[in-house]
Amino acid sequence: MTLVQTETHAAPVSTEDLEGEYLQALRLIERLHRLLLDVIKDELDRNGGYDLNPVQALLLHNLGNDELTAGELKTRGYYLGSNVSYNLKKLVELGYIHYKRSDHDRRSVRVRLTEKGEEICALVRQLYRRQLRSLGSVGEISFEDLEDLNRTLMRLERFWSYQIRYRL
């Protein structure tokens with residue numbers, strides 16, 4: 001058994017234990033994202049079964065009041081999928097976003113919400129606010145828990161970014 005000294009643990013941790021925790025964290029991150037999409041889908045269904053999917057609703061919420069290009073949506077983390085162009089085209093066809101060619105780069109298209117898109121953005125925002133009211137009592141999640149979680153996830157994001165950037 002190999003022991004690993006980690007920054008956050010004073011006592012050595014076995015490689016097997018560290019690997020198990022890391023793999024569990026990876027599975028949880030993936031599963032939580034899918035669950036969030038299921039929660040958004042349920043909210044859409046309860047409010048009339050809109051003609052868009054939860055990935056598109058989340059994109060609209062993340063876009064909010066901004067006016068961005070497709071590339072900016074991805075680099076800012078507003079869209080996590082690989083087919084952003086398809087979803088933007090679909091959202092334009094469905095009337096949820098406006099698009100216009102950039103004045104500086106005619107190849108680039110800037111998008112912003114329509115009134116219909118703003119309704120979906122507000123629906124997702126209301127869902128999140130409703131969840132916040134029971135986060136502590138039902139979810140047993142405190143402000144400090146969220147702070148710790150966010151700090152850890154940001155460090156993991158930085159670690160993965162370094163893996164890509166510096167080919168570690």
Drop me the distance from [X]'s [atom1] to [Y]'s [atom2], to the nearest 0.5 angstrom.
X	Y	atom1	atom2	value
Arg155	Asn150	CZ	CG	11.5 Å
Leu52	Lys116	CG	NZ	8.5 Å
Gln24	Leu26	CD	CG	10.0 Å
Leu36	Tyr128	CG	OH	4.5 Å
Lys90	Ser85	NZ	OG	14.5 Å
Gln163	Arg158	CD	CZ	12.5 Å

Residues, nucleotides or ligands: over 12 heavy atoms within 6.0 Å of [X] [atom1]:
X	atom1	answer
Tyr86	OH	no
Lys89	NZ	no
Glu115	CD	no
Glu93	CD	yes
Asn65	CG	no

Pairwise side-chain contact, [X] with [Y], heavy-atom cut-off 4.5 Å (strictly under):
X	Y	answer
Asp148	Arg151	yes
Ile29	His33	no
Thr69	Val111	no
Leu59	Val55	no
Thr152	Leu156	no
Tyr78	Asp66	yes
Cys121	Arg125	yes
Leu68	Arg76	yes

Open item on the list: Run the side-chain contact (heavy atoms from CB on, under 4.5 Å) test against Ile141 and tell me which residues pass, sequence neighbours left out.
Closed with: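 Counting only residues at least two positions away or on another chain, Ile141 forms a side-chain contact (heavy atoms from CB on, under 4.5 Å) with Leu135, Asp145, Leu146.
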
For residues [X] and [Y], report the shortest heavy-atom separation together with the two atoms involved.
X	Y	value
His98	Leu113	CD2-O, 4.0 Å
Pro54	Leu37	CB-O, 3.3 Å
Val39	Gln131	CG1-NE2, 3.3 Å
Val124	Ala57	CG2-O, 4.2 Å
Arg31	Leu28	NH2-CD2, 3.1 Å
Thr114	Ile97	CG2-C, 3.5 Å

- [ ] Using the rule that two of Ile, Leu, Val, Met, Phe, Trp, Tyr join whenever any of their side-chain heavy atoms come within less than 4.5 Å, decide whether Met154 and Tyr166 are in one cluster.
- [x]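 No, Met154 does not connect to Tyr166 through the hydrophobic network.
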
Task: Within one Ile-Leu-Val-Met-Phe-Trp-Tyr cluster: Leu127 and Leu35, side-chain cutoff 4.5 Å - done: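 Not linked; separate clusters.
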
Open item on the list: Looking at Arg112, is its backbone amide N or carbonyl O close enough to the side chain of Lys100 to form a donor-acceptor pair, meaning the two atoms are under 3.5 Å apart?
Closed with: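 Absent.
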
Task: Ser134 side chain to Ser137 backbone, donor-acceptor under 3.5 Å - done: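 Pair absent, no side-chain N/O of Ser134 close to backbone of Ser137.
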
Open item on the list: If the threshold is 4.0 Å, N to carboxylate O, is there a salt bridge linking Glu30 and Arg34?
Closed with: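 Salt bridge flag = yes for Arg34 with Glu30.
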
- [ ] Name all pairs fulfilling the side-chain hydrogen bond (donor to acceptor under 3.5 Å, both in side chains) condition that reach into residues 45-63, sequence neighbours left out, sorted by first residue then second.
- [x]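 Listed once each, the pairs are Lys41-Asp45, Asp42-Arg46, Glu43-Arg46, Glu43-Asn47, Asp51-Tyr96, Gln56-Asn87.
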
